[in-house]
Amino acid sequence: MNYVLDDDVDRIDLDMVWRAMSTSVYWAKWRGRDDVESQVRSAWRVVGVYVEETGEQVGYARAVSDGLGFAYLADVFVDPAHRGHGLGKRIVSRMIDEGPGAHFRWTLFTSDAHGLYEQFGFRTPDQTALVRMAPELPDHPDQLPR
């Protein structure tokens with residue numbers, strides 16, 4: 001199967017992104033559908049992964065940035081049925097090394113996939129980094145079992 005990556009926000013399948021955010025990922029349970037759509041539309045940059053033959057979207061990432069020197073990588077995921085083809089690496093490479101932020105300082109938060117991100121230079125911060133952690137957020141009502 002062949003895949004293509006595209007950074008056109010208008011090509012993002014909001015239904016697919018919402019399904020993943022509401023069912024397949026641990027980090028988005030506090031977001032409602034309107035929140036997810038707003039984050040996609042207001043992102044500094046997005047990268048989608050698509051099956052070349054059908055156009056079906058099977059992966060996604062977004063970034064928030066000041067556009068000059070700092071960016072935050074968020075919401076990187078690949079549909080479970082399409083994992084194992086190096087798509088996570090391709091998404092991260094396209095987002096941070098092959099785009100307008102290749103010279104930026106990048107950050108991200110994750111509790112898994114550290115090995116993936118370390119391949120792109122992500123490391124535990126040094127004494128120059130401070131983080132104000134968010135309080136624990138409840139699941140959004142859009143995502144509660146009905």
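Between the side chain of Gln57 and the main chain of Gly59, a donor-acceptor pair closer than 3.5 Å is present.
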* Show your reasoning for whether side-chain contact (heavy atoms from CB on, under 4.5 Å) applies to Asp15 and Arg33. => CA-CA 9 Å; Asp15 291 330; Arg33 181 166 178 133; 2.5 Å; yes
* Applying salt bridge (charged side-chain N to carboxylate O under 4.0 Å, His left out), run through Asp6 and Arg94 and close with a yes or a no. => CA-CA 9 Å; Asp6 193 342; Arg94 178 76 176 258; 5.1 Å; no
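The shortest distance between side-chain heavy atoms of His82 and Val51 falls below 4.5 Å. For the pair Val46/Arg41, no side-chain contact is recorded, criterion being any heavy-atom separation below 4.5 Å from C-beta on. Val36 has its side chain within reach of Val17: a pair of non-hydrogen atoms, C-beta onward, lies under 4.5 Å apart.
Expressed to the nearest 0.5 Å, how far CD of Glu98 lies from CG of Asp7 amounts to 10.5 Å. With rounding to the nearest 0.5 Å, the separation of CZ in Arg105 from CG in Leu68 is 14.5 Å. Separating the CE atom in Met1 from the CG atom in Leu87 is a distance of 10.0 Å, to the nearest 0.5 Å. Here the CD1 atom belonging to Ile12 is positioned 11.5 Å from the CZ atom belonging to Arg62, to the nearest 0.5 angstrom. For the atom pair CZ of Arg90 and CE of Met95, the computed distance is 14.5 Å after rounding to the nearest 0.5 Å. For the atom pair CE (Met16) and CZ (Phe77), the distance works out to 4.0 Å, reported to the nearest 0.5 Å.
Scored by the ring-ring contact (aromatic ring centres under 6.0 Å, His included) test, Phe104 finds Trp44 as partners (sequence neighbours excluded).
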Please tabulate, for side-chain N and O atoms in residues 114-124, each donor-acceptor pair with protein atoms closer than 3.5 Å (sequence neighbours left out).
from	atom 1	to	atom 2	distance (Å)
Gln119	OE1	Lys89	NZ	3.4
Gln119	NE2	Gly115	O	3.3
Arg123	NH1	Glu118	O	3.1

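Scanning all heavy atoms of the two residues, the minimum distance from Leu108 to Tyr72 falls at CA-CE1, 3.7 Å. Counting all heavy atoms, side chain and backbone alike, Val78 lies closest to Gly88 at CG2-N, 3.9 Å. The minimum heavy-atom distance between Arg11 and Gly55, with the atom names listed, is NH2-CA, 4.3 Å.
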